[in-house]
Amino acid sequence: MRIASFNINGVKARLPRLIEWLEETRPAVACLQEIKSQDESFPAAEFEKIGYRAIWHGQKGFNGVAILADGVEPVEAQRTLPGDPEDLHARYIEADVNGVRIACIYLPNGNPQPGPKFDYKLAWMDRLRARMAELWAQEIPCAVVGDFNVIPEDKDVWSPAAMASDALMQPESRAAYRRLLADGWTDAIDTLNPRGGVWTFWDYQAGAWPRDHGFRIDHLLLSPELADRMTAAGVDKEYRGREKASDHAPVWVEIGD
DNA sequence: ATGCCGGCCAGAGGCCGA
């Protein structure tokens, strides 16, 4: 089965591109971030027309996440990240699909740093680690995927110097991400591309796409049960160059039977 | 560069992102 993640940057504005990608690559599970849609205006019927069932957690204007599954209804397990009842951002949803637990996350950006938004990011990462420890303890096949808004290492960015003051690559952000890996989770794309140089995001501004000025912030973290079955992982880079594209490209991992 | 681009809501232009 193919598990994919795509920060879509507006599900309504991107719908033709999204339908195109689903039909062309046909992932078993597609996790979306930044749907920028309220729950009542999520275009579920458009996905059902091409055989995908969905669950989603939206809000007005920004954020928002969804899980699409090919031919089956995702069984919702959680629609918020535990640990802070005052956090109302739509950034987390979790479901079972064909016996695999899927968590779809949109981790806070954290800019500008330092400041309250950066503090929120780091607190969110602590809460995520706690939730992932709960999932780990269940010993189920599990994938935690999405826009982590963390550039894990210098090899994951076109220019470490240009991004040095950005929240995405601060030592605290990286340390929090590294703790997830130290807990035993497998970064699918990094494992199969250990030399780096793989990007998942290119800014709309300053000619970042034509200059290939990108970085890797969309990640697929696998429990041991899935990591052992991983056969391939990659980035659908070409979609970043199409008309009305998101600023992210889809990422995916292939899991064998 | 406190911007650049672009979506959202709203119905102009500010908020948000990375």
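Because the structure is predicted, anything quoted here is derived from the model rather than measured. Note that these values count all heavy atoms, side chains included, but never hydrogens, waters or copies made by symmetry. Here is the naming used below: chain letters follow the sequence lines, and residue numbers restart at 1 for every chain.
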B/dC16 phosphate, OP1 or OP2, under 4.0 Å from A/Arg91 side-chain N/O: no

Test ring pair (Phe, Tyr, Trp, His ring centres under 6.0 Å) applied to A/Trp252 - qualifying residues, sequence neighbours left out: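 With sequence neighbours excluded, A/Trp252 shows a ring pair (Phe, Tyr, Trp, His ring centres under 6.0 Å) to no residue whatsoever.
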
Exam field: side chain A/Gln78 to backbone A/Arg131, donor-acceptor pair closer than 3.5 Å: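 Such a contact is absent between A/Gln78 side chain and A/Arg131 backbone.
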
Donor-acceptor pair, side chain of A/Tyr106 and main chain of A/Ala90, under 3.5 angstrom: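 No, the answer is negative, given that no donor and acceptor are paired below the 3.5 Å cut-off.
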
Residue whose closest nucleotide on DNA chain B lies nearer the 5' end, A/His248 versus A/Gln38: A/Gln38

Is there a donor-acceptor contact under 3.5 Å linking the side chains of [X] and [Y]?
X        : Y        : answer
A/Asp84  : A/Tyr120 : no
A/Asp236 : A/Trp21  : yes
A/Tyr239 : A/Glu20  : no

Pair A/Trp136 and A/Trp185, ring centroids less than 6.0 Å apart: yes

Write out a two-atom table: protein N or O, nucleotide N or O from nucleotides 12-14 of chain B, distance below 3.5 Å.
none

Hey, are [X] and [Y] close enough for a salt bridge, meaning a charged N less than 4.0 Å from a carboxylate O?
X        : Y        : value
A/Asp87  : A/Arg127 : yes
A/Glu238 : A/Arg242 : yes
A/Arg216 : A/Asp187 : yes

ILVMFWY cluster membership beyond A/Phe62 - transitive side-chain contacts under 4.5 angstrom: none

side-chain contact (heavy atoms from CB on, under 4.5 Å) evaluation trace for A/Asp147 with A/His219: CA-CA 7 Å; A/Asp147 180 355; A/His219 305 310; over 6 Å; no

DNA chain B contacts among residues 161-175 of chain A, heavy-atom distance under 4.0 Å: A/Leu168

Close approaches to DNA chain B from residues 103-111 of chain A, in residue order (heavy atom, under 4.0 Å): A/Tyr106, A/Asn109

Suppose you measure atom [atom1] in [N] against the same atom in [M]; what distance do you get, rounded to whole Å?
N      : M      : atom1 : result
B/dT2  : B/dA18 : C1'   : 16 Å
B/dC16 : B/dC4  : C1'   : 16 Å
B/dC15 : B/dA1  : P     : 23 Å
B/dA10 : B/dG6  : P     : 23 Å

Step-by-step side-chain contact (heavy atoms from CB on, under 4.5 Å) determination, A/Met169 to A/Asp154: CA-CA 8 Å; A/Met169 55 173 281; A/Asp154 284 355; 3.9 Å; yes

How would you label the contact of [X] with the nucleic acid (heavy atoms, under 4.0 Å): base, sugar-phosphate, or nothing?
X        : value
A/Asn63  : nothing
A/Asp247 : nothing
A/Arg211 : nothing
A/Asn7   : sugar-phosphate

Flag side-chain contact, heavy atom, 4.5 Å: A/Arg101 against A/Gln138: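 Yes, their side chains come closer than 4.5 Å.
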
Once you round it to whole Å, what is the distance between [atom2] of [N] and [atom1] of [X]?
X        : N      : atom1 : atom2 : result
A/Asp218 : B/dG17 : CG    : C1'   : 13 Å
A/Phe215 : B/dG17 : CZ    : C1'   : 11 Å
A/Lys121 : B/dC16 : NZ    : C1'   : 15 Å

Any protein N or O atoms within reach of nucleotides 4-8 of chain B? Criterion: under 3.5 Å, listing atom names and distances.
| unit_1 | atom_1 | unit_2 | atom_2 | d |
| --- | --- | --- | --- | --- |
| B/dC4 | N1 | A/Gln205 | OE1 | 2.9 |
| B/dG7 | OP1 | A/Lys244 | NZ | 2.8 |

